[in-house]
**Student:** 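Below are the structure tokens for one structure; questions will follow.
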Amino acid sequence: MAIPVIRMASRRSSRGRTALDMTPSCPPQCTARDDDAVMFLMTGLRVYNIDDLIFNLWYEACMSQKTVLVVDDDTIIREQLAKELRRNYYEVITAAGASTAVETFNKNAVDIALLDLNLPDGDGLEVLSTFKATKPNCEVIVITGFGSEEKAIESLRRGAIDYIEKPINFGDLDTALGRAQEKIFEESTLVYKNTVLVMDDDDNVRRLLGRFLKKEGFDVLEAPNGEEGLKIMKEHKVDVFVSDIEMGTMSGVEVLKQARNLYNDIEGIMMTGHKDIELAVKSLRAGAFDYITKPIDLEETLLAIRGALERINLRRNSLFRHRELKISSEIINKMNTELERRVVERSRQLNQVQTQLFQQSKLATLGEMSAGLAHEINQPLGGISLIVAGFKRMLKKGKLTDAELQSGIKDIETSITRMSKIITHIRTFARQDALKFVEVNVNETIQSALDLLNEQLRLHNIKIVRDLDPHLLLINGEPYQLEQVWINLLANARDAVDTFAEGFEHAGDKTYQKQLKIKTISLPESQEIAVTFGDNGTGMEAAVLAKIFEPFFTSKAVGKGTGLGMAISYGIIDQHQGRFDVKSMPGEGTSVTIYLPAAGAKKGV
């Protein structure tokens with residue numbers, strides 16, 4: 001692409017300074033040996049006699065008297081801004097709200113708008129979008145309150161050229177107005193098309209974006225992959241490329257890195273799926289200007305491309321360099337911060353949902369165990385009742401001795417201790433606390449689960465066979481989460497053997513004995529422990545076995561299962577960096593083995 005060149009011939013103004021006649025021309029032989037003939041390359045790559053150029057921009061602004069619309073609901077701010085602008089040779093019109101601003105804007109030829117984002121009767125960002133849609137060449141400078149950086153960044157993405165914060169610093173205002181004047185000057189003297197390269201292995205996406213961008217006035221090039229895209233960049237000057245983040249052998253991030261070796265002022269915009277937020281963050285950190293998600297929103301894409309071109313113009317432009325680089329840096333930092341905040345927030349939400357599901361599962365388990373727990377508490381209560389009745393009878397007959405009294409009190413204390421342990425265990429198990437990973441003896445968590453279910457398993461005539469390694473390696477874990485896993489496995493085994501037993505009972509066969517085997521073992525070679533729960537129940541078909549970890553899937557009868565137990569158990573074991581191994585055959589029972597890394601074991605062993 002040819003670089004537009006402006007030849008400047010000096011003339012004396014009435015103020016005694018040199019004003020410049022500016023007429024486009026082809027690149028002639030030109031030097032800057034004196035102040036009477038200078039060359040200004042509008043790409044900003046090179047500037048001769050910059051002092052005269054700055055004065056000329058000021059002079060042109062004075063001569064053309066640009067019109068500024070000031071929009072602010074605060075009367076004092078509105079009046080003070082109007083006075084300052086008139087002192088600097090601007091024509092000024094004002095508006096106090098969103099509706100009046102749009103009406104005034106439509107009735108007048110506005111060159112620059114100073115727009116407060118906090119308006120009483122509308123959203124300042126929407127007003128900004130209306131201004132840019134109605135007159136794209138109007139430059140908008142937004143005014144924000146303290147702590148409104150997010151809105152300011154969003155306004156830049158929507159087409160604002162700059163922003164200033166309240167309380168307004170007139171030095172910042174002058175800089176922002178200067179940038180706006182310069183942008184207006186460039187657009188009025190240089191008319192050329194920016195080139196956009198669209199890279200995607202999907203032909204439909206390329207055609208859709210290509211047609212849309214051509215209608216918006218861009219020169220559009222297309223490539224089906226990164227390699228072809230880089231070849232085009234070597235042969236053509238590309239301002240912005242829009243690339244799928246994943247394209248076969250070369251990713252969009254790799255294209256960006258190699259493109260930057262070709263041009264310093266090229267910008268990349270990545271296209272990614274909604275689920276690939278981490279790839280989007282990676283691309284921004286690698287230097288991409290922005291990202292858009294599929295399915296593609298054409299207006300969002302256009303905003304991103306215009307934003308990228310704005311950054312290119314800022315980089316090429318030597319005037320107001322420090323302000324522009326500051327804004328560019330703020331945009332990137334804010335976008336990165338926002339993306340990271342979203343990732344953290346999404347992770348927090350997922351953890352919160354998982355915690356809630358875990359808690360609901362615990363409460364559902366307690367509900368299922370209520371009959372057995374009531375029996376556990378009624379037994380010591382019944383014993384206490386008998387002891388008290390005996391005391392009364394012996395006391396009435398005058399035969400209550402100290403020895404019998406001491407013996408009865410000891411039995412009462414034992415029963416109370418037993419009930420207290422049961423109630424404390426239930427309360428602790430049901431409590432919703434923050435997860436605390438500590439060194440855990442898994443045998444103890446299994447025993448705690450059995451303490452809650454022992455009576456229920458006894459009432460169901462299920463024989464428990466324990467084979468617990470007395471020297472089991474410790475693990476790093478959350479005791480009550482592990483206990484929940486064992487309870488889920490015990491409950492599933494209970495239901496499986498009960499269902500299997502019903503078939504034998506219907507057939508009149510009384511030889512079937514319900515049985516559940518629990519085994520733990522240390523595996524020093526792999527720095528793991530293995531926990532196995534095996535039952536001799538119904539077993540599962542392969543199709544059922546493949547779905548046991550899916551949320552809300554259950555093979556139990558309606559009303560007898562939530563379908564969350566194994567899904568939650570899988571999540572808990574995954575958090576503990578463990579894994580499941582489930583074996584099952586119809587009529588042969590089920591064996592569930594869980595492997596957990598020992599405390600101090602290295603990840604990946």
**Student:** Can you list the residues that meet the side-chain contact (heavy atoms from CB on, under 4.5 Å) rule with Glu126, with sequence neighbours excluded?
**Tutor:** Asp123, Arg158
**Student:** Identify whether the distance between the nearest side-chain nitrogen and carboxylate oxygen of Lys583 and Asp581 falls below 4.0 Å.
**Tutor:** yes
**Student:** How long is the span from the CZ atom in Phe212 to the CD1 atom in Ile305, to the nearest 0.5 Å?
**Tutor:** 8.0 Å
**Student:** Assess the residue pair Glu139 and Lys66 against the criterion (salt bridge (Lys or Arg N to Asp or Glu O under 4.0 Å)); give the C-alpha distance rounded to whole Å, side-chain angles, the decisive distance to 0.1 Å, and a yes or no.
**Tutor:** CA-CA 11 Å; Glu139 298 304 327; Lys66 296 291 184 285; over 6 Å; no
**Student:** Please find the pair of heavy atoms, one from Phe131 and one from Val102, that lie closest to each other, and give the distance.
**Tutor:** CE2-CA, 4.2 Å
**Student:** Is Lys183 salt-bridged to Glu310, going by a charged N under 4.0 Å from an acidic O?
**Tutor:** yes
**Student:** Between the side chain of Asp239 and the main-chain N/O of Thr195, is any donor-acceptor distance below 3.5 Å?
**Tutor:** yes
**Student:** For residues Val70 and Asp116, determine if any side-chain heavy atom of one lies less than 4.5 Å from a side-chain heavy atom of the other.
**Tutor:** no
**Student:** So do the side chains of Leu117 and Leu125 get within less than 4.5 Å of each other, counting heavy atoms only?
**Tutor:** yes
**Student:** Tell me the closest heavy-atom pair linking Val255 and Met199, and the distance in Å.
**Tutor:** CG1-CE, 3.5 Å
**Student:** First locate atom CD of Glu299, then atom OG of Ser129, and finally report the distance between them rounded to the nearest 0.5 Å.
**Tutor:** 10.0 Å
**Student:** Count the heavy atoms of every other residue, nucleotide or ligand shown that sit under 6.0 Å from NZ of Lys151, and state whether that count exceeds 12.
**Tutor:** yes
**Student:** Tell me, do Leu208 and Ile296 make a side-chain contact under 4.5 Å, heavy atoms counted?
**Tutor:** no
**Student:** Applying side chain to side chain donor-acceptor pair (under 3.5 Å), can you list everything that pairs with Lys135, at least two apart in sequence or on another chain?
**Tutor:** none
**Student:** Which heavy atom of Ala308 sits nearest to which heavy atom of Ile269, and what is that distance?
**Tutor:** CB-CD1, 4.2 Å
**Student:** I'd like to know if Asp290 and Arg311 make a salt bridge, using a cut-off of under 4.0 Å between side-chain N and carboxylate O.
**Tutor:** no
**Student:** My understanding is that only residues two or more places apart in sequence, or in another chain, count here; which of them pass side-chain contact (heavy atoms from CB on, under 4.5 Å) with Leu279?
**Tutor:** Ile245, Glu246, Asp276
**Student:** Between Lys166 and Asp72, does any side-chain N to carboxylate O distance fall below 4.0 Å?
**Tutor:** yes
**Student:** Where is the tightest heavy-atom contact between Ala288 and Leu256, given as atom of each residue plus distance?
**Tutor:** N-CD2, 3.3 Å
**Student:** Measure the shortest side-chain to side-chain distance between Val582 and Phe549 over non-hydrogen atoms and say whether it is less than 4.5 angstrom.
**Tutor:** yes
**Student:** Kindly say whether Gly159 contributes a backbone atom to a donor-acceptor pair with the side chain of Arg306 at under 3.5 angstrom?
**Tutor:** no
**Student:** Please lay out, stage by stage, how Phe105 and Thr130 fare under the test side-chain contact (heavy atoms from CB on, under 4.5 Å).
**Tutor:** CA-CA 10 Å; Phe105 185 86; Thr130 302; over 6 Å; no
**Student:** How long is the span from the CD atom in Glu228 to the CG atom in Leu197, to the nearest 0.5 Å?
**Tutor:** 10.5 Å
**Student:** Charged N to carboxylate O below 4.0 Å: is that the case for Arg260 and Glu267?
**Tutor:** yes
**Student:** In Å and rounded to the nearest 0.5 Å, what is the CD to CG distance from Gln527 to Leu596?
**Tutor:** 14.0 Å
**Student:** Tell me, with the steps shown, if Gln575 and Glu478 meet side-chain contact (heavy atoms from CB on, under 4.5 Å).
**Tutor:** CA-CA 10 Å; Gln575 279 188 323; Glu478 209 290 324; over 6 Å; no
**Student:** Let me see the working for Val92 and Leu81 under side-chain contact (heavy atoms from CB on, under 4.5 Å), right down to the final yes or no.
**Tutor:** CA-CA 9 Å; Val92 182; Leu81 284 174; over 6 Å; no
**Student:** Salt bridge (Lys or Arg N to Asp or Glu O under 4.0 Å) for Lys294 and Asp202? Distances and angles first, verdict last.
**Tutor:** CA-CA 12 Å; Lys294 293 182 178 179; Asp202 188 321; 6.0 Å; no
**Student:** Donor-acceptor pair, distance only, cut-off 3.5 Å: does the side chain of Asp162 make one with the backbone of Ile141?
**Tutor:** no
**Student:** Under 3.5 Å, is there a donor-acceptor pair between the side chain of Arg206 and the main chain of Asp200?
**Tutor:** yes
**Student:** Partners of Glu300 by salt bridge (charged side-chain N to carboxylate O under 4.0 Å, His left out), sequence neighbours excluded?
**Tutor:** none
**Student:** Quick one, Ile312 with Asn194, criterion side-chain contact (heavy atoms from CB on, under 4.5 Å). Give me CA distance, side-chain angles, the key distance, then yes/no.
**Tutor:** CA-CA 11 Å; Ile312 292 171; Asn194 292 106; over 6 Å; no
**Student:** Would a distance-only check, ignoring hydrogens and angles, find a side-chain to backbone donor-acceptor pair under 3.5 Å from Asn225 to Glu227?
**Tutor:** yes
**Student:** Run the ring-ring contact (aromatic ring centres under 6.0 Å, His included) test against Phe218 and tell me which residues pass, sequence neighbours left out.
**Tutor:** none
**Student:** Is there a side-chain contact between Phe289 and Val240 (heavy atoms, below 4.5 Å)?
**Tutor:** no
**Student:** So, for Ala286 and Val253, which heavy atoms are closest and what is the spacing to 0.1 Å?
**Tutor:** CB-CG1, 3.6 Å
**Student:** Of all the heavy-atom pairs spanning Gly252 and Ser243, show the shortest one and how long it is.
**Tutor:** CA-OG, 3.7 Å
**Student:** Are the side chains of Val71 and Val127 in contact, using a 4.5 Å heavy-atom criterion?
**Tutor:** no
**Student:** Classify the ring geometry between Phe580 and Tyr570 as parallel (under 30°), tilted (30 to 60°) or perpendicular (over 60°).
**Tutor:** parallel
**Student:** How long is the gap from OG1 on Thr175 to CG on Asn169, to the nearest 0.5 Å?
**Tutor:** 8.5 Å
**Student:** Using side-chain contact (heavy atoms from CB on, under 4.5 Å) as the criterion, list what pairs up with Arg285, not counting sequence neighbours.
**Tutor:** Val281, Glu340
**Student:** Give, for atom CD1 of Ile143 and atom CD of Glu165, the distance between the pair rounded to the nearest 0.5 Å.
**Tutor:** 11.5 Å
**Student:** Does the side chain of Leu69 come within less than 4.5 Å of Asn108's, by heavy atoms?
**Tutor:** no
**Student:** Glu528 versus Arg579: any side-chain heavy-atom pair under 4.5 Å?
**Tutor:** yes
